[in-house]
Amino acid sequence: MIRVGNISVPLDFDFSALEEFCAKKLKISESKLISVRLARKSVDARKKNNVHFIISLDIEARNEERLLKSLKNAVSVEKYQYVIDRVSADISRPVIVGFGPAGMFSALVLAMSGARPIVLERGADVDSRVKAVEEFRTSGRLNTECNIQFGEGGAGTFSDGKLTTGTKDRRIGWIMERLVEFGAPEEILYLAKPHIGTDRLRGVVKRLRERVSDLGGDVRFGARFCGYETENGFVSAVSYERGGHFYTIKSNHLILASGHSARDVFELLYEKNISLSQKNFAVGVRIEHRRTDIDRAMYGDFAGHPALKSADYKLAVHLPNGRTLYTFCMCPGGEVVAASSEEKRLAVNGMSCFERNAENSNSALLVNINTEDYGSSHPLAGMYFQCRLEEKAFTAGGSDYNAPIITVGEFLGNSGDNKVKPSYIPGVKKADPAEYLPDFVCESLKLGIPEMGRKIRGFDDPGAVLTGIESRSSSPVRINRGENMQSLSLGGLYPCGEGAGYAGGIISAAVDGMKCAEAVISIINGVKK
């Protein structure tokens, strides 16, 4: 197969006629083409007077070697075949803690191997979880075991469902194909910036779980991990609490994919002398603009073209104070959502549905936090630092899970109108970020927002809204593991995904989950327990 890239096409290009286009472009007969498939599609908006698409095509043709020599921007590609080794059914069933992206894909791989994994998820199934999240949004009553952080699908279920990643791994294509199999739109296979949207992602995670169950896996909701037993330096059993009762599962393999918000798990591991280390993370606010303003800034006169979706952006500025301010998890046509998981601690996140057609667009606006900022060498110092900021934000918002907001104009010492209506529910309260963010973070925001305004017109609009606190972009703790994917302190314990410090988003977490599952399969097949 040949991949031809860097092809420019207009916004009104007819994607249903790829074979005809390809034959003309390559100057060959259509009869010599076996198949033509769209491999990649991105928007080129660098010149606002010439916004267009850049595409890549995968071509199967007769005499491919001769054709390849005659083409520019073409390479030979071979489809990656992901192979899952089978295991004996007569084994100690692996246990997975957490059913976010890492836990889901480790469970899927293990189930496909015949290992019949048992998944412990402290939150509820996705349908019950939707009700709990809505209850919190409308009443302010928080369920600390089932919320935007905990439950089927993990934190990603209530997000934009972005599938972009900076990692390069051949497993990614397999992950994308499985997501499409379970109901994601087929366009995620070729879009340069694919996303599913929280509305469609809910069905995807449910169908993935059903497949795990069909293959012999067992997903237990409302099951809070509370410890493990060891024998000769290896995991021998896993315990959990469900409905007020405690249970123990005999198992030699524990994949810990509990996420970055399971702080009780970090404390449990610390008490058991599991090797942990501090990790850099970031904090800041969510910035909201009107979606139409961002579209105009990014697309110029092409804004509103039916072939263009809501515009996104990605910015970073290095500041004279030595910090970096950057955007993260940008949600075009989305909303800022209540992401708290603990009493009297406030956190916000961004969420979009598939259509991305809400009134506002928002993004996290983050400042890097270094381990030196924690003021302690304790392995959990970053987590406690994070907790203190969330407690301050809770107080600044009125101590009722309302979020503290301020306009960009007010924050920068100028006037600020009510141009942008905050999307956060339950409600908002005016408060200066200095009430909950460290001085160096506030300074970085004040230095960086005008700089970003020079890169995207209107980014520093005085009417834009800053909502705090965005504090859960990544884990401030790493659960140290070796090349065999197992904890440095305990055999059979596999720290996994974003919460363990080895991923940063849906796709990288899913990849890490697959790697941990592969490691378990390798041990099962190589060592008889």
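Quick caveat: nothing in here was measured; it's all calculated off a predicted structure.
Judged by distance alone, the side chain of Q278 and the main-chain N or O of H378 form a donor-acceptor pair under 3.5 Å. Put simply, the side chain of R93 gets close to the backbone of R116: a donor and an acceptor are under 3.5 Å apart. The backbone N or O of R472 lies less than 3.5 Å from a partner atom in the side chain of H260, making a donor-acceptor pair. The closest donor-acceptor contact from the side chain of N147 to the backbone of F150 lies under 3.5 Å. Distance alone, capped at 3.5 Å, is enough to place a donor-acceptor pair between the T327 side chain and the L315 backbone. E121 places a side-chain N or O within donor-acceptor distance of the main-chain N or O of G151, the cut-off being under 3.5 Å. Judged by distance alone, with hydrogens and angles left aside, the side-chain atoms of T407 form a donor-acceptor pair with the main-chain N or O of E410 at under 3.5 Å. No donor-acceptor distance shorter than 3.5 angstrom exists from the side chain of S340 to the backbone of E342, with no hydrogens or angles considered. Side-chain N or O atoms of S277 include none that pairs as donor or acceptor with a backbone N or O of N480 at under 3.5 Å. In this structure a side-chain-to-backbone donor-acceptor pair under 3.5 Å is present from S251 to H253.
Rounding to the nearest 0.5 angstrom, the gap separating the CZ atom in F182 from the CZ atom in R209 is 12.0 Å. In this structure, OG on S361 lies 4.0 Å from CE on M330, to the nearest 0.5 angstrom. Once rounded to the nearest 0.5 Å, the distance linking NZ of K250 with OG of S92 reads 10.0 Å. In this structure, OG on S471 lies 10.5 Å from CZ on R345, to the nearest 0.5 angstrom. Here the CG atom belonging to L163 is positioned 10.0 Å from the CG atom belonging to L191, to the nearest 0.5 angstrom. Note that CD1 of I96 is 12.5 Å distant from OG of S258, once rounded to the nearest 0.5 Å.
Residues V465 and I287 have side chains not in contact (no heavy-atom distance under 4.5 Å, counting atoms from C-beta outward). Looking at heavy atoms from C-beta onward, H195 lies out of side-chain contact with P332 at the 4.5 angstrom threshold. At least one side-chain heavy atom of F158 sits less than 4.5 Å from a side-chain heavy atom of R129. In this structure, E470 and N349 have side chains that are in contact, with non-hydrogen atoms separated by less than 4.5 Å. Looking only at side-chain heavy atoms (C-beta outward), Y424 and E335 stay at 4.5 Å or farther from each other. For the pair L493/I274, a side-chain contact is recorded, criterion being any heavy-atom separation below 4.5 Å from C-beta on. Between K162 and C329 the shortest side-chain heavy-atom distance falls below 4.5 Å. L366 is not listed as a side-chain neighbour of V283, based on a closest heavy-atom distance of 4.5 Å or more.
Salt-bridge annotation for R137 and E134: present, with a side-chain N of the basic residue lying under 4.0 Å from a carboxylate O of the acidic one. A salt bridge between R178 and E181 is present, with a side-chain N of the basic residue lying under 4.0 Å from a carboxylate O of the acidic one. A salt bridge links R481 to D512: at least one charged side-chain nitrogen sits closer than 4.0 Å to a carboxylate oxygen. With salt bridges taken as basic N to acidic carboxylate O contacts below 4.0 Å, none links E355 and K309. Remark: E518 engages R171 in a salt bridge, criterion side-chain N to carboxylate O under 4.0 Å. Salt bridge absent: R202 and D127 never bring a charged side-chain N and a carboxylate O closer than 4.0 Å. The pair E443-R323 does not meet the salt-bridge criterion, since no charged nitrogen lies less than 4.0 angstrom from a carboxylate oxygen. The pair R141-E135 meets the salt-bridge criterion, with a side-chain N (NZ, NE, NH1 or NH2) lying under 4.0 Å from an Asp/Glu carboxylate O. One finds a salt bridge joining R356 and D160 here, because a Lys/Arg side-chain nitrogen approaches an Asp/Glu carboxylate oxygen to under 4.0 Å. A salt bridge is defined here as a Lys NZ or Arg NE, NH1 or NH2 lying under 4.0 Å from an Asp or Glu carboxylate O, and D125 with K206 fails to meet this definition.
Applying the 6.0 Å contact sphere to OH of Y270 captures no more than 12 heavy atoms from other residues, nucleotides or ligands. Within 6.0 Å of CG on D214 lie more than 12 heavy atoms contributed by other residues, nucleotides or ligands. Applying the 6.0 Å contact sphere to CD of E187 captures more than 12 heavy atoms from other residues, nucleotides or ligands. For NZ of K272, the number of neighbouring non-hydrogen atoms (other residues, nucleotides, ligands) closer than 6.0 Å is greater than 12. Annotation: K279, atom NZ; neighbour count of heavy atoms from other residues, nucleotides and ligands within 6.0 Å is above 12.
Between Y313 and F459, the distance separating the two ring centers is shorter than 6.0 angstrom.
Residues S261 and Q149 bring a donor and an acceptor atom of their side chains to less than 3.5 Å of each other. S213 and E210 share no side-chain donor-acceptor pair at under 3.5 Å. Side-chain atoms of R263 and Q386 form a donor-acceptor pair, as typed in the model, at a separation below 3.5 Å. S423 and E359 form no side-chain donor-acceptor contact under 3.5 Å, judged by distance and modelled atom types alone.
The aromatic rings of Y401 and F136 lie perpendicular to each other, with more than 60° between the two planes, well past the 30° mark. Aromatic ring orientation, F385 versus F281: perpendicular (interplanar angle above 60°, classes split at 30° and 60°).
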_R290/K419 under side-chain contact (heavy atoms from CB on, under 4.5 Å): CA gap, chis, key distance, verdict_ = CA-CA 8 Å; R290 292 193 304 192; K419 179 179 182 179; 3.2 Å; yes
_Steps toward side-chain contact (heavy atoms from CB on, under 4.5 Å) verdict (T165, V511)_ = CA-CA 11 Å; T165 176; V511 167; over 6 Å; no
*Go through the steps to decide whether I507 and I175 satisfy the test side-chain contact (heavy atoms from CB on, under 4.5 Å), and finish with yes or no.*
CA-CA 8 Å; I507 294 299; I175 292 168; 3.9 Å; yes
*Go through the steps for L142 and T144 under the test side-chain contact (heavy atoms from CB on, under 4.5 Å), then give the verdict.*
CA-CA 6 Å; L142 174 66; T144 57; 4.1 Å; yes
*Would you sort out whether N360 and R291 count as a side chain to side chain donor-acceptor pair (under 3.5 Å), showing the intermediate values?*
CA-CA 5 Å; N360 293 349; R291 174 173 54 85; over 6 Å; no
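Closest approach of S399 and T395 over heavy atoms only: OG-CA, 3.7 Å. In terms of heavy atoms, G103 sits closest to A257 at N-CB, 3.8 Å. For the residue pair T164 and P194, the shortest heavy atom distance occurs at CG2-CD, 3.9 Å. The two atoms that bring V97 and L256 nearest to each other are CB-CD1, 3.8 Å, heavy atoms only. Closest of all the heavy-atom pairs between G497 and A102 is CA-CB, 3.9 Å. Contact detail for I84 and S113: the closest heavy-atom pair is CG2-CB, 3.8 Å.
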Can you give me every donor-acceptor pair (side chain of residues 219-228, partner residue at least two apart or in another chain, under 3.5 Å) with its distance?
residue, atom, partner, partner atom, Å
R220, NE, D218, OD2, 2.8
R220, NH1, Y240, OH, 2.8
R220, NH2, D218, OD2, 2.9

